[in-house]
Amino acid sequence: MKISIENLDKTYQTAAEQLNILKNVNFSMEQGEWLTIIGPSGSGKSSLLQCIVGITSADPGSSIRLDELDLQHASSEEVLAFRRKRIGFIYQDYKLFDQFDALTNVILPLVPYEDKGALDKKGKELLEKVHLSDRIHHVPQQLSGGEKQRVAIARALINEPELLICDEPTGNLDEQNRDHIIGILSELNAEGKSIILVTHDKEVISSGQRLMMIQRGNLIEQQL
Ligand SMILES: Nc1ncnc2c1ncn2[C@@H]1O[C@H](COP(=O)(O)OP(=O)(O)O)[C@@H](O)[C@H]1O
Ligand SMILES: [Mg+2]
């Protein structure tokens, strides 16, 4: 997926003030690139990831293009369908549904659209891929932080996305599971999938091909 971001601004309006978090962010990416984004806590990394795929709206005047999709001018149905078919998103806080088990969480985004039997099979394979075969029927409350994170990763892969957005995907993993997940991401990237990943982990940075840093609202390309 070709990504082209021009003049992206993001302002949060609270009762007390206007927070101009992102200022004139510009970058583009070719299909198959892996871009890592770093920056201090609260600098706007999660906001940027969410703006790029339309989960959060960028300010008017921002231009965000994902292949043929002009995000700022598309309808919300078009954006939803685009994300469902082509993007995987791993949230920093997982966003799992407490009432459903791991397998149901993984397949949930596609349950209204695809055959349940085929989805169950695919969901189990993905849980196996993240080493959770023995936790398929656990609900989130019965899972550790790292296990929940791996369920969230499996769910992000259920639609075989061309673009995978990862918000600190290894933040709660031990070294062994971190290396395993990075291995999976590296494999997907070698198959030609694009990755945008936010991390604090120095070990993870070297897996990507490009590095950018958010500093006072600006996104600045760094030497790797
Ligand atoms: N919905 C919101 N309303 C107001 N402020 C917000 C909202 N979401 C995030 N912020 C603020 O925007 C800043 C950037 O947040 P975030 O994108 O989560 O940063 P990061 O992921 O780099 O830690 C933080 O100061 C946060 O408090
Ligand atoms: Mg964040």
What about [X] and [Y], same hydrophobic cluster or not, with Ile/Leu/Val/Met/Phe/Trp/Tyr joined at side-chain heavy-atom distances under 4.5 Å?
X      : Y      : result
Ile195 : Ile184 : yes
Leu66  : Leu48  : yes
Val151 : Val111 : yes
Leu164 : Ile3   : no
Leu8   : Ile165 : yes

Taking it one step at a time, do Met212 and Leu35 satisfy side-chain contact (heavy atoms from CB on, under 4.5 Å)?
CA-CA 7 Å; Met212 294 198 188; Leu35 166 67; 3.5 Å; yes
Over all atoms of both residues, closest heavy-atom pair of [X] and [Y]:
X      : Y      : answer
Pro161 : Ile87  : CB-C, 3.5 Å
Cys166 : Leu49  : O-CD1, 4.0 Å
Ile214 : Pro40  : O-CD, 3.6 Å
Ala154 : Val130 : CB-CG2, 4.2 Å
Gly208 : Thr36  : CA-OG1, 4.1 Å
Gly217 : Val25  : O-CG2, 3.8 Å

So does Gln99 have more than 12 non-hydrogen atoms from other groups sitting under 6.0 Å from CD?
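Yes, enclosed.
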Might you confirm whether atom NZ of Lys2 has over 12 heavy atoms from other residues, nucleotides or ligands at distances under 6.0 Å?
yes
Given Ile196 and Met29, is the side-chain contact (heavy atoms from CB on, under 4.5 Å) satisfied, shown in steps?
CA-CA 10 Å; Ile196 304 180; Met29 258 176 89; 3.7 Å; yes
Without swapping roles, check the side chain of [X] against the backbone of [Y] for a donor-acceptor pair under 3.5 Å.
X      : Y      : value
Asp93  : Tyr91  : no
Arg155 : Tyr94  : yes
Arg83  : Val53  : yes
Gln149 : Glu168 : yes

By side-chain contact (heavy atoms from CB on, under 4.5 Å) - contacts of [X] (at least two apart):
X      : answer
Glu17  : Thr14, Leu19
Pro140 : Leu96, Asp98, Asn105, Lys148
Lys116 : Ile107, Asp120
Asn177 : Arg150, Leu173, Asp174

Would you please test Leu22 and Asp9 for side-chain contact (heavy atoms from CB on, under 4.5 Å) and show each step?
CA-CA 5 Å; Leu22 299 169; Asp9 292 285; 5.9 Å; no
Quick check: do [X] and [Y] have side-chain heavy atoms less than 4.5 Å from each other?
X      : Y      : value
Leu188 : Leu157 : yes
Ser207 : Leu185 : no
Glu162 : Asp67  : yes
His200 : Lys45  : yes
His138 : Leu143 : yes

Would you give the length of the straight line joining atom [atom1] of [X] to atom [atom2] of [Y], rounded to the nearest 0.5 angstrom?
X      : Y      : atom1 : atom2 : value
Asp70  : Ser63  : CG    : OG    : 6.0 Å
Ile158 : Glu114 : CD1   : CD    : 8.0 Å
Leu69  : Gln72  : CG    : CD    : 10.0 Å
Leu110 : Asp115 : CG    : CG    : 11.5 Å
Leu119 : Leu108 : CG    : CG    : 10.0 Å
Glu203 : Asp179 : CD    : CG    : 7.5 Å

Please identify which of these residues, Leu132, Val106, Ile136, meets the side-chain contact (heavy atoms from CB on, under 4.5 Å) condition with Lys124.
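Exactly one pass, corresponding to Ile136.
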List the steps and the verdict of side-chain contact (heavy atoms from CB on, under 4.5 Å) for Ile21 and Tyr12.
CA-CA 7 Å; Ile21 299 297; Tyr12 288 114; 3.5 Å; yes
Show the numbers, then the answer: is there a salt bridge (Lys or Arg N to Asp or Glu O under 4.0 Å) between Lys129 and Glu125?
CA-CA 6 Å; Lys129 199 176 169 109; Glu125 284 166 8; over 6 Å; no
I'd like to know whether Arg86 forms a salt bridge (Lys or Arg N to Asp or Glu O under 4.0 Å) with Glu68, so could you lay out the CA-CA distance, the side-chain angles of the two residues, the decisive distance to 0.1 Å, and finally the verdict.
CA-CA 12 Å; Arg86 300 178 61 179; Glu68 73 286 353; 3.4 Å; yes
All ring-ring contact (aromatic ring centres under 6.0 Å, His included) counterparts of His131, not counting sequence neighbours:
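His131 satisfies ring-ring contact (aromatic ring centres under 6.0 Å, His included) with His180 once adjacent residues are dropped.
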Sequence neighbours excluded, the answer for ring-ring contact (aromatic ring centres under 6.0 Å, His included) partners of Phe27 is none
Chi angles and distances behind the side chain to side chain donor-acceptor pair (under 3.5 Å) call for Thr56, Gln50:
CA-CA 5 Å; Thr56 298; Gln50 293 180 19; 3.0 Å; yes
Do any pairs count as a side chain to side chain donor-acceptor pair (under 3.5 Å) and have a residue in residues 181-192, sequence neighbours left out, and if so which ones?
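Found Asn189-Gln209.
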Sort and list the pairs that fulfil side chain to side chain donor-acceptor pair (under 3.5 Å) and have at least one residue in residues 212-224, not counting sequence neighbours.
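Of all non-adjacent pairs touching residues 212-224, those that pass side chain to side chain donor-acceptor pair (under 3.5 Å) are Arg210-Glu221.
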Excluding sequence neighbours, so at least two apart, what forms side chain to side chain donor-acceptor pair (under 3.5 Å) with Glu160?
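Partners of Glu160 by the side chain to side chain donor-acceptor pair (under 3.5 Å) criterion, ordered by chain and then number, come out as Lys122.
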Set of salt bridge (Lys or Arg N to Asp or Glu O under 4.0 Å) partners for Glu128, sequence neighbours left out
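Residues passing salt bridge (Lys or Arg N to Asp or Glu O under 4.0 Å) with Glu128: none at all.
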Which ILVMFWY residues are connected to Ile205, directly or by a chain of links, through side-chain heavy atoms under 4.5 Å apart?
Ile38, Leu211, Met213, Leu224
Side-chain hydrophobic cluster, 4.5 Å single linkage: members besides Tyr113
none
